[in-house]
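Following: one structure in C-alpha cells, then a few remarks.
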Amino acid sequence: MSADEPLTLNVPEPAVRPGGAPDFSNVKIPKAGAVPRPEVDVDPQSIRDLAFSIIRVLNRSGEAVGPWAGLLSDEELIEGMRHMMTLRTFDARMLIAQRQGKTSFYMQHLGEEAISCAFRKALSPGDMNFPTYRQAGLLIADGYSMVDMMCQVYSNSRDPLKGRQLPVMYCSKEHGFFTISGNLATQYVQAVGWAMASAIRNDTRIAAAWIGDGSTAESDFHAALVFASTYKAPVVLNIVNNQWAISTFQGIARGGAGTFAARGLGFGIPSLRVDGNDYLAVYAVAKWAIERARRNLGPTLVEYVTYRVGAHSTSDDPSAYRPKTESDAWPLGDPIIRLKNHLIMRGVWSEERHKQAEAEILDTVIAAQKEAESYGTLHAGAKPSARDMFDGVYAEMPPHLRRQRQQAGV
Ligand SMILES: Cc1ncc(C[n+]2csc(CCOP(=O)(O)OP(=O)(O)O)c2C)c(N)n1
Ligand SMILES: [Mg+2]
C-alpha cells in the first residue's frame, strides 16, 4: 500500500456466525502428553513455547499420559468427579430457580467445571482466591455450604451477604474466596496486592487471581502484571479463556500476541496454556504454579483453554451471536465425560456408578435447595432486614447514617 492510500482498521471477526457451521480449525490441539514438564525454578526465557502450546494429560481414549500425569489417586479423582457433578447440578437447579422467579439472575459454569474444582484442590488452607463469577467450583470443592450459596442467590433472610451483592457473587474468608467484584479485572490488582502483603509480612500464604479472556483487555490486568513481575509476588495469574466475552469472541481482547498466555512473556512471567477441560491437566499445572509461588519463585500466568457451553448469564441469548451447535464441535470435549472415561478405564468407575452418583448428588442439591427456600426466595418468604444495610460497613457508624437508620425506623 502506498503512503497516501486511506488508512483502515483491523477488526477481527469470529470464524462463524449463527447459521454457519462451527469451525475450530484455528484451535491447534497438541497430543496429550506432548508438552514437557519443566522444573519449577526453570528460567522463564527457556519455556516461552509453553505459552503457545496446550498442556494435556487425558488422551482421546481416556488414558492419562505424559510428564504432567500421575499426581492424583483414585480417591482424589473420584472426589474431583463428584465436585464437578455437584457444580453442574447446582447450576442446573439454580438456572431453573431463576426461570421460576426465585432469583433475579444466575451464571452457569457449564463446560468449565474442571478449572475451579481442580484448582481448589491444589491450594492450601489460608491461600486466597480473587475469583470472578465463574469459579464457584472453588467453594464447592472446598466443602462450602451449598445452602449458604443458595441463600446468597435468593437474597433471603439467611443470605450471608445480606442482599448486598448480585446473586452468585459469593464471599467466604474461611474458604479463601475473596468477595467478588462485578467490576471486571479489579480481581487482578487485588490479588497481586494481597500476595505482596503476604510476602511483606513473611507469611507463607499465596494468592490466585482470576480473569476471563475478555476482561484481560482492562488496564487493571496489565497494571497487575507489572507489579507481579517487578516484585515477584507469590501469585498465580489465571486467565479463563472460554472463547467468549458475552457476545464478543476472544479474538478482540487477545490482541496480536497469538494467545492470552503470551501476554505474560513481555513481563518475563512464566506463562503456560493448559487444557481447561482436562481435570488432571488443570490440577497438574495449578500445582506447578502454586509451588512456584510458595517457593518464592514469583508469579506464573496460566491460560485455561475452554469453552463456555451455556449462555453468559440468564440475561443472555447466545443464539444471537454464535451457531447453536458450536459447543458440540468444541475439540476439547466435556470435562465430566472425559474424567468419567478415565475413571472407567482405571477400573474405579462405571456407567452405573455414574448414574447412581448423579442421582445421589441431585438428592443432596435438592435437599439444600429446600432448606435454602425455607429461608425465603427473591419474591417470597423472609428477607434480610433493612437494618442490615447499615451494619458491617463502618467500624463506627458515622452520625449521618445513624440518623438515616433512625428515620427508617429499623
Ligand atoms: C469493568 C467492566 N466492564 C464491563 C462489564 C460488563 N460485563 C460483565 S461480564 C462481561 C464479559 C466478560 O467476559 P470474560 O472476561 O471473557 O469472562 P466470561 O464471562 O467469559 O467468564 C462484561 C463485558 C463489567 N462487569 N465490568
Ligand atoms: Mg470469556
Side-chain angles (χ1 to χ4, degrees), residues 12 14-15 24 26-27 54 87-88 91 94-95 98 104-119 129-139 164-171 177-191 208-225 237-255 257 259-264 273-277 282 301-322 326-327 330 332 335:
F24 286 115
N26 61 326
V27 186
I54 302 180
L87 178 55
R88 189 166 288 187
D91 272 353
M94 290 298 97
L95 192 65
Q98 192 276 339
S104 55
F105 181 73
Y106 192 72
M107 301 181 90
Q108 288 178 277
H109 303 74
L110 195 59
E112 301 179 38
E113 292 89 346
I115 299 163
S116 54
C117 289
F119 190 89
N129 287 287
F130 289 78
T132 79
Y133 41 70
R134 233 184 282 283
Q135 278 91 43
L138 295 170
L139 290 171
R164 293 170 186 176
Q165 281 270 50
L166 199 68
V168 314
M169 301 216 170
Y170 316 105
C171 158
F177 195 94
F178 203 86
T179 320
I180 297 182
S181 167
N183 298 9
L184 299 174
T186 52
Q187 296 79 10
Y188 251 58
V189 273
Q190 291 166 2
W210 293 89
I211 201 165
D213 46 87
S215 309
T216 62
E218 282 283 344
S219 320
D220 277 355
F221 171 79
H222 304 267
L225 260 58
L237 303 160
N238 296 306
I239 302 174
V240 180
N241 175 8
N242 63 5
Q243 312 301 317
W244 291 95
I246 314 185
S247 56
T248 302
F249 91 116
Q250 49 81 30
I252 298 281
R254 194 188 60 220
T259 68
F260 287 91
R263 297 277 191 77
R273 285 180 101 213
V274 56
D275 178 345
N277 291 18
V282 170
L301 189 135
V302 182
E303 175 187 346
Y304 303 87
V305 183
T306 185
Y307 184 85
R308 195 199 76 214
V309 176
H312 171 73
S313 72
T314 48
S315 311
D316 174 46
D317 172 14
S319 70
Y321 54 82
R322 65 186 192 187
E326 195 177 77
S327 65
W330 175 242
L332 294 173

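Along the sequence shown, the residues carry numbers beginning at 1. Just follow the structure's listing: the first ligand is 1, and inside any ligand the first atom is 1.
Between N242 and the options H312, E112, H109, a side-chain hydrogen bond (donor to acceptor under 3.5 Å, both in side chains) holds for only E112.
Closest protein heavy atom to atom 16 (O) of ligand 1: G214 N, 2.9 Å. Scanning the protein for heavy atoms near atom 25 (N) of ligand 1, the closest one is G182 O, 2.8 Å. If you check which protein heavy atom lies closest to atom 4 (C) of ligand 1, you get L184 CD1, 4.1 Å. Among all non-hydrogen protein atoms, the one lying nearest atom 3 (N) of ligand 1 is E218 OE2, 4.1 Å. Atom 21 (O) of ligand 1 has as its closest protein heavy atom R134 NE, 3.0 Å. For atom 15 (O) of ligand 1, the closest non-hydrogen atom on the protein side is S215 OG, 2.5 Å.
Residues Q108 and M94 fail the side-chain proximity criterion, which asks for heavy atoms closer than 4.5 Å. Inter-residue side-chain proximity for N129 and Q135 is flagged as unmet; no heavy-atom pair is nearer than 4.5 Å. When side chains are defined from C-beta on, D316 counts as touching Y321, because their heavy atoms get closer than 4.5 Å. The side-chain heavy atoms of Y188 and L225, taken from C-beta on, include a pair separated by under 4.5 Å. Side-chain atoms of P335 and R88, non-hydrogen and from C-beta on, do get closer than 4.5 Å to each other. A 4.5 Å side-chain heavy-atom check between L87 and C117 finds at least one atom pair inside the cut-off.
F119 and Y304 have perpendicular rings, their planes meeting at more than 60° on a 0 to 90° scale where under 30° would count as parallel.
Distances from the Mg ion (ligand 2) show that Q250 has no N/O/S atom below 2.8 Å. Using a cut-off of 2.8 Å, one finds that W244 contributes an N/O/S atom close to the Mg ion (ligand 2).
For the atom pair OG (S313) and CZ (R308), the distance works out to 8.5 Å, reported to the nearest 0.5 Å.
Near G212, the atoms of ligand 1 lying under 4.0 angstrom from a non-hydrogen atom of the residue are 14 (P), 15 (O), 16 (O), 17 (O). Within the listing of ligand 1, atoms 18 (P), 20 (O), 21 (O) sit less than 4.0 angstrom from a heavy atom of N242.
Contact annotation: for Y133 versus ligand 1, heavy atoms closer than 4.0 Å belong to the side chain alone.
Within the structure, ligand 1 lacks Q250 among the residues with a heavy atom less than 4.0 angstrom away. Ligand 1 does not have R308 within reach: every non-hydrogen atom of the residue lies 4.0 Å or more from it.
Between F260 and E303, the shortest heavy-atom distance links the atoms N-OE1, 3.0 Å.
Residue I246 holds the heavy atom nearest to atom 23 (C) of ligand 1 of all those in T306, L166, I246, V240.
Rounded to 10°, the angle that OD2 of D213 and OD1 of N242 form at the Mg ion (ligand 2) is 80°.
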